[in-house]
Amino acid sequence: MKLNPEMRRRLLERGVAETIVESELVELLERGEPLRLKMGFDPSAPDLHLGHAVGLRKLRQLQELGHKVVVIVGDWTAQIGDPSGKSATRPMLTAEQVLSNAETYLAQFFKVVDRDRTETRFQSDWFGPFGLADVIKLTSRFTVAQFLARDDFAKRFQSNQPIAITELLYPLMQAYDSIAIESDIEFGGTDQKFNLLVGRDLQRMMGQRPQQCILVPILVGTDGVRRMGKSLGNYIGLDEPPNDMYGKVMSLPDVSAAMDELADEGGAKSRYTVIDYFDYLTDAPSEELEEMRLGMESGSVNPMDLKKRLAREIVAQFHDHAAAREAESHFERTVQRREMPDDAPTYKIPADLDGKRVSDIIVAAGLASGSTEARRLIDQGAVRLDDQRLTENGPAASIKAGGALRVGRRRIVRLQ
RNA sequence: GGAGGGAUGGGUGAGUGGUUAAAACCACCAGACUGUAAAUCUGGCGUCCGGAAGGGCUACGUAGGUUCGAAUCCUACUCCCUCCA
């Protein structure tokens with residue numbers, strides 16, 4: 001089966017930062033035999049976000065051509081921690097934790113990836129019985145210099161930052177995974193390039209056909225600056241309710257301030273975050289992306305409208321179209337028109353309000369974390385009772401059932 | 001084994017005896033503005049009491065000590081890093 005240019009572009013360019021080796025990869029795909037697509041994950045961080053979805057979409061596309069995904073639960077490498085992460089070593093997870101995390105992970109994973117064309121494997125299958133002799137055999141194939149070629153190791157070495165020996169093991173273990181499952185193509189973010197290449201090398205050394213690598217770009221987070229990541233608090237989780245997902249997309253900065261290094265990693269491609277998101281996470285035709293860019297450049301398109309469309313498409317993808325429409329109208333009502341959302345929680349006003357002030361009720365209703373904050377919010381003019389802005393922390397007796405108490409735009413309760 | 005450096009609020013990081021609930025920046029929250037939860041501008045940002053003015057309490061790795069007064073000085077401990085071997 002010959003890949004036509006259209007397909008080739010869709011498969012190997014959209015949402016792909018780099019392929020290694022492109023010519024081999026194309027040849028392999030055209031051969032038509034079912035391939036094993038390797039995707040590993042770290043069960044210590046089981047939450048998936050849009051950044052992961054970029055790669056998952058790619059897996060899905062290839063599944064639709066008849067290939068098989070092999071997802072590896074990295075229960076051994078999780079104990080080491082990926083060197084690109086901050087903390088070198090992590091606490092061991094118990095077998096139960098691994099299992100439950102894996103479940104959480106896979107539930108999200110299969111929102112995008114086809115479960116029927118997926119095989120799930122645990123690293124402990126092959127690393128459980130791995131002995132010191134095996135470790136020595138494995139490590140003896142590589143040198144320190146080879147590993148210092150890796151950018152983040154090199155940087156840390158030069159700046160006298162610590163590199164744990166176990167961290168050197170990480171790429172080796174990941175590489176061995178490729179041997180264990182006989183991977184044909186491995187997927188990872190561009191920051192995984194080194195690890196994937198070690199897999200290639202090791203396979204060659206051990207007489208397997210070296211895997212191809214598909215490196216997906218790093219998605220910029222909702223701050224528009226750094227890569228999307230849970231610890232950075234700038235992520236949109238695949239699990240999030242439609243309204244949050246929609247709102248978070250709307251909070252993307254119109255113009256990205258993505259750091260240069262993110263661009264180096266094959267991340268931010270345009271200065272408009274929205275366009276990168278459309279590019280990596282939707283099927284919007286590539287010509288349209290260019291129109292969007294021109295439209296924003298010339299000012300003829302309001303970025304908000306593009307973000308709304310993006311938000312709809314993303315919510316539809318991870319929930320459904322009805323949820324997307326619902327989330328949009330929720331956004332329009334509560335944020336744009338500041339109306340009362342239908343799903344606002346209710347709060348039962350206590351019978352005895354003697355001596356209580358509005359600030360006490362705000363805290364009791366969970367609209368502020370403490371009385372200091374509640375008072376502060378009142379001072380700042382953030383508190384509205386039945387659409388009337390409160391200017392002072394009056395007695396709670398003014399609070400009547402049937403109305404609404406609102407703090408800022410998003411915190412609101414119906415009074416009962 | 002030896003020598004040295006460090007540990008500050010969610011993060012980075014100033015601060016070497018009182019004017020420090022602790023600079024600055026980031027994040028976060030709120031207000032204004034806006035067809036965006038964008039951008040920009042303004043304010044806030046330990047906690048408790050108080051309508052307010054104001055007042056408590058807790059906090060600079062841990063435990064003690066010196067002092068009228070300590071994030072700042074001393075002692076011990078824990079952890080981290082660097083260099084030499």
Look through every strand shown and name the nucleotide pairing with [N] as Watson-Crick or G-U wobble, where both distances are under 3.5 Å.
N: rA39(B); answer: none
N: rA14(B); answer: none
N: rG1(B); answer: rC84(B)
N: rG44(B); answer: rC28(B)
N: rA7(B); answer: rU78(B)

Rounded to whole angstroms, how far apart are [atom1] on [X] and [atom2] on [N]?
X: Glu373(A); N: rA30(B); atom1: CD; atom2: C1'; value: 10 Å
X: Leu232(A); N: rC28(B); atom1: CG; atom2: P; value: 11 Å
X: Met296(A); N: rA39(B); atom1: CE; atom2: P; value: 15 Å
X: Met304(A); N: rU40(B); atom1: CE; atom2: P; value: 18 Å
X: Tyr235(A); N: rA27(B); atom1: OH; atom2: P; value: 18 Å
X: Arg409(A); N: rA38(B); atom1: CZ; atom2: C1'; value: 12 Å
X: Gln336(A); N: rU34(B); atom1: CD; atom2: P; value: 14 Å
X: Ile412(A); N: rA30(B); atom1: CD1; atom2: P; value: 13 Å

Mapping Val383(A) and Lys307(A) onto RNA chain B by nearest heavy atom, which one lands closer to the 5' end?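 Mapping each residue to its closest nucleotide by heavy atoms, the 5'-most match is Val383(A).
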Earlier contact from the 5' end, RNA chain B, for Tyr246(A) and Arg338(A):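 Residue closer to the 5' terminus by nearest nucleotide: Arg338(A).
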Is any side-chain nitrogen or oxygen of Arg357(A) closer than 4.0 Å to OP1 or OP2 of rG51(B)? yes
Is any side-chain nitrogen or oxygen of Ser371(A) closer than 4.0 Å to OP1 or OP2 of rC49(B)? yes
Measure from the side chain of [X], starting at C-beta and using heavy atoms only, and say which of [options] lies closest.
X: Arg376(A); options: rG44(B), rG35(B), rG31(B); answer: rG44(B)
X: Thr372(A); options: rU47(B), rU36(B), rU34(B); answer: rU47(B)
X: Arg375(A); options: rG31(B), rA52(B), rU36(B); answer: rA52(B)
X: Leu377(A); options: rG35(B), rC29(B), rG51(B); answer: rC29(B)
X: Asn302(A); options: rC49(B), rU36(B), rA30(B); answer: rU36(B)

Test for a donor-acceptor pair under 3.5 Å between the base of rU36(B) and the side chain of Asp305(A), counting only N and O atoms. no
Quick one: the side chain of Gln380(A) and the base of rG31(B), do they pair up donor-acceptor inside 3.5 Å?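 Such a pair does not exist between side chain and base.
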Give [X] one of three labels, base, sugar-phosphate or nothing, depending on what nucleic acid heavy atoms sit under 4.0 Å from its own.
X: Gly247(A); answer: base
X: Arg389(A); answer: sugar-phosphate
X: Asn243(A); answer: base

Could you work out the separation of [N] and [M] based on their [atom1] atoms and round it to a whole Å?
N: rA38(B); M: rG56(B); atom1: C1'; answer: 42 Å
N: rG46(B); M: rC81(B); atom1: C1'; answer: 30 Å
N: rC68(B); M: rA63(B); atom1: P; answer: 24 Å
N: rU47(B); M: rU66(B); atom1: P; answer: 34 Å
N: rA7(B); M: rC57(B); atom1: C1'; answer: 25 Å
N: rU58(B); M: rG13(B); atom1: C1'; answer: 23 Å
N: rU72(B); M: rU19(B); atom1: P; answer: 14 Å

Lys58(A) NZ/CZ over Tyr280(A) ring centroid, <6.0 Å and within 45° of normal: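 Not flagged: Lys58(A) not positioned over aromatic ring of Tyr280(A).
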Could you go through Tyr347(A) and Ile361(A), starting from their C-alpha distance and side-chain angles, then the distance that decides it, and tell me whether this counts as side chain to side chain contact (heavy atoms under 4.5 Å, CB included)? CA-CA 9 Å; Tyr347(A) 171 71; Ile361(A) 302 302; 3.7 Å; yes
From the list Glu332(A), Glu328(A), Glu313(A), salt bridge (Lys or Arg N to Asp or Glu O under 4.0 Å) partner of Lys308(A) resolves to Glu332(A)
Distance flag, aromatic centroids of Phe41(A) and Phe109(A), threshold under 6.0 Å: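 Between Phe41(A) and Phe109(A), which both carry aromatic rings, the centre distance is not below 6.0 Å.
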Name of the residue among Gln192(A), Gln174(A), Arg36(A) meeting side chain to side chain donor-acceptor pair (under 3.5 Å) with Glu186(A):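 Answer after filtering Gln192(A), Gln174(A), Arg36(A): Gln174(A).
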Looking at Gln212(A), Gln211(A), Lys38(A), which one forms a side chain to side chain donor-acceptor pair (under 3.5 Å) with Ser183(A)?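 Of all the options given, the one that passes is Gln211(A).
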Correct closest heavy-atom pair for Tyr272(A) and Asp254(A) would be CD2-O, 3.5 Å
